[in-house]
**Q** 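The structure's right below; bear with me while I get my questions together.
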There are 4 protein chains.
Amino acid sequence: MTAKTKKHADPALAETRRNQVLCAAAECFKRKGYHGAGMAEISKTAGMSAGHIYNYFASKEAIIESIIQRDMEEMISLFQEFGDKPGDLTTILIDSLDEGVERHTNTDCKALHLEMLSEAARNDKIASLLQQSDTHARNEMRKLLIGERGSLQAASTREVDARIEVMFSMMGGLLLRRVLNPALDKTGILIALRPAMKTLLLPFDDKEK
Amino acid sequence: MTAKTKKHADPALAETRRNQVLCAAAECFKRKGYHGAGMAEISKTAGMSAGHIYNYFASKEAIIESIIQRDMEEMISLFQEFGDKPGDLTTILIDSLDEGVERHTNTDCKALHLEMLSEAARNDKIASLLQQSDTHARNEMRKLLIGERGSLQAASTREVDARIEVMFSMMGGLLLRRVLNPALDKTGILIALRPAMKTLLLPFDDKEK
Amino acid sequence: MTAKTKKHADPALAETRRNQVLCAAAECFKRKGYHGAGMAEISKTAGMSAGHIYNYFASKEAIIESIIQRDMEEMISLFQEFGDKPGDLTTILIDSLDEGVERHTNTDCKALHLEMLSEAARNDKIASLLQQSDTHARNEMRKLLIGERGSLQAASTREVDARIEVMFSMMGGLLLRRVLNPALDKTGILIALRPAMKTLLLPFDDKEK
Amino acid sequence: MTAKTKKHADPALAETRRNQVLCAAAECFKRKGYHGAGMAEISKTAGMSAGHIYNYFASKEAIIESIIQRDMEEMISLFQEFGDKPGDLTTILIDSLDEGVERHTNTDCKALHLEMLSEAARNDKIASLLQQSDTHARNEMRKLLIGERGSLQAASTREVDARIEVMFSMMGGLLLRRVLNPALDKTGILIALRPAMKTLLLPFDDKEK
DNA sequence: CATGAATGAGTTTTCATTCAT
DNA sequence: TATGAATGAAAACTCATTCAT
């Protein structure tokens, strides 16, 4: 169902066209939102007729679903990078925060992701895709944290899951921060983000519990 | 434009009607989203004709703007409560986390707030209102933290602002968590949320910096 | 489901509007066929906006369904007339042939009925409505023929039904004749139609069987 | 425009291709109707690309026109069979009724013929072709009936024409019967069809006139 | 103050047809 | 000869908004 319904003579061209549409749609959704962007605009941006898009996607909805799936795949490879990097895991994660902030506050992404999230509230298919993606991310993170290089081998599952939720909340919340405070000091934020993340990655002091 | 353009003979009735509409609209937006809910549905929920709504609000957009403003006022009074409560501020804030998690993961609100946030990406008026509200919240929080009862009198403005951003990001991010993980353990999450918040409220250890 | 979904404040006006639409649609379907006539044309003919039609009919399909139901009701009252008329039934039916030919070869109706019939081939709802109407007509006719005033009290059900089918086929076929032979001699046709109908109404001679 | 505009290098191949298209189109029109069947479906059924069809037919309309013409030719040869058969003409025609009922109530054909007939109401070219075909059929039938083996040599032209019209109406009407009464007893119907046809083929008794 | 009938621009989607290869 | 990618002009339907009553 992903891309292989063979009605296209030239699969390479088809893939190119699908990508044109996906990029154009992402672009338009960022600017105008899912509902705000019409097929007309998307088709103009993609450099092809509106009708032709329907040779590659069954509906407008199918387009945003594809975008989500594409994002999901990116995200998966991101976690693999973490696992592959040598060195202390906590340090790796803390050091990747700069990049993480950048990614989550990137103006381009913010609109698109919020769009997806709010669409999820009323579109079950989209909700399900996003949830699937998130579940995957949580699983990967859990594997890292309780793995042999992880810092939380001793912690209970419930505690680890709570930590993951809060980490994800903290990072995901940055999406909103950029909307709510456009003047956000993206560098300065690390002053507080690093200690908080460290707290979430390392065992709690007894008194803290 | 806020609420006072007095073209209404009976201002009290007008205010009642405005509220009916606001509540009905909030209700509908929660269920169906801003775009999903039509004026017809809103008017039925509000118990008045669609046309009549336009005697109180210039447009559908004006309705959501009013809802935001109303939320803003609620939020302001929330901060005042914090300031008014006696006792150690850090403790008060930590203790209010239970309630805060509840508020941010409440299924009802999530849709509405995400709706507003994603609408903000394409609607400057809404963006500006939300930002105004957020700025206010940050200011109030800053006042608390560096005030005489606060724990961060010694910290630099940049650091305090960073802490606030991360706190807000962490709490606001919960909105997304509920969408992305409907099975979210709302109680368990506090296991990690409290230590992280404590880190953000208390001076950092030297080594942490 | 017929007309009573109470969302209209003024039922009389609503009925008027429904009729405007029904008449306009019938008119357009006659001229251009079901697929050929667009909502734009129908709305212009009905003297109201296209969008407004949807306050009275859920879809274009619902419109043709209503037209069919209306025709069905006309047809029912037609049979009642036959039953109510005094005198010899065979004579009544034979005498009504003139009028029957007129009705079935009427240019206005032909297009609309053919339209419905060919739409029935691919639209189950319409097929079902037409079949329901036809079943009713056959039942009424059977009642007349085997009733106390009928000429076929002695005949087997299968024979009576066969007669009815052929009668209906012969009359219904006139719809097609007018299309296939526009120069059709509507008066002359009775020269042959009367004897054929008489054969179908009276007991067969032994040799005929 | 009929078939001979020789722009094709290999006329035999061209004829093969035309037939492929014609058969495929007939097949599709039967299943989905003229409007319901798309060129894409037809081309797939015909085993050639959509674009290529336009090398053999100027338009979708031209295809149905060709189908009609082909049907017309079949019909002509049918009448020739009648003429060629030895024996009493009335008996031949009555005996052919079984087969005739079968042909007219055949589920496959019904959709296609109704499709053509209702298309005729709005498409002059098609109407004209069908009328031409019908005229031919009437002429052939008239020749048979007033010919030396015919039973109506003594009848007036008007009467003969009326008889033919009614016969055709009765047989053609069967198309509609099958749509309106899917449970139609195809064998039983002959009980009434044969006497009615006999009446139409033999001189009327005086009293009948 | 209040209604809801009416509008019309805007939406996604379909499909016969063309044309570069 | 043959392909199928590409077009664009429709189509049915929705909905915020207006206005006569």
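Every chain is numbered from 1 and lettered A, B, ... according to where its sequence line falls, protein lines coming before strand lines. Remember, it's a predicted structure, so these values are computed and weren't measured experimentally.
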**Q** Of the nucleotides F:dT3, F:dA12, E:dA6, which one has an atom closest to the side chain of C:Asn55?
**A**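 That would be E:dA6.
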**Q** Do the side-chain N or O atoms of A:Tyr54 get closer than 4.0 angstrom to the phosphate oxygens (OP1, OP2) of E:dT14?
**A** no
**Q** Using whole Å, what does the distance between atom P of nucleotide E:dC15 and atom NE2 of A:His52 come to?
**A** 17 Å
**Q** Categorize D:Ser43 for me: base, sugar-phosphate, or nothing, with a 4.0 angstrom heavy-atom threshold over every strand shown.
**A** nothing
**Q** For A:Gly51 and for B:Gly51, locate the closest nucleotide of DNA chain E by heavy-atom distance; then report the residue assigned to the nucleotide nearer the 5' terminus.
**A**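 Closest to the 5' end, via its nearest nucleotide, is B:Gly51.
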**Q** When all nucleic acid strands are considered with a 4.0 Å heavy-atom cut-off, which category describes B:Ala58: base, sugar-phosphate, or nothing?
**A**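 Here B:Ala58 touches no strand at all.
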**Q** Send over the distance from C:Lys44 NZ to F:dA12 P, rounded to a whole Å.
**A**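 In whole Å, F:dA12 P lies 14 Å from C:Lys44 NZ.
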**Q** Which nucleotide wins on minimum distance to the side chain of A:Ser49, given the candidates F:dA2, F:dT7, E:dA2?
**A**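 When the side chain of A:Ser49 is considered, F:dT7 is the closest of F:dA2, F:dT7, E:dA2.
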**Q** Name the nucleic acid region contacted by C:Tyr56, choosing base, sugar-phosphate or nothing; use a 4.0 angstrom heavy-atom cut-off, strictly under.
**A** sugar-phosphate
**Q** What is the separation between atom CD on C:Glu61 and atom P on F:dA11, rounded to the nearest whole Å?
**A**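 For the pair C:Glu61 CD and F:dA11 P, the rounded distance is 18 Å.
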**Q** Just the rounded figure in Å: distance from P of E:dT11 to NE2 of B:His35.
**A** 11 Å
**Q** To the nearest angstrom, how far is A:Met48 atom CE from F:dG8 atom P?
**A** 13 Å
**Q** Give a yes/no answer on whether the side chain of A:His8 brings an N or O atom under 4.0 Å of OP1 or OP2 in F:dA5.
**A**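 For A:His8, the contact criterion (side-chain N or O under 4.0 Å from OP1 or OP2 of F:dA5) is met.
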**Q** Find which nucleotide of DNA chain E each of B:Ala9 and A:Met39 is nearest to by heavy atoms, and output the residue with the more 5' nucleotide.
**A**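 Here B:Ala9 is the residue nearer the 5' end.
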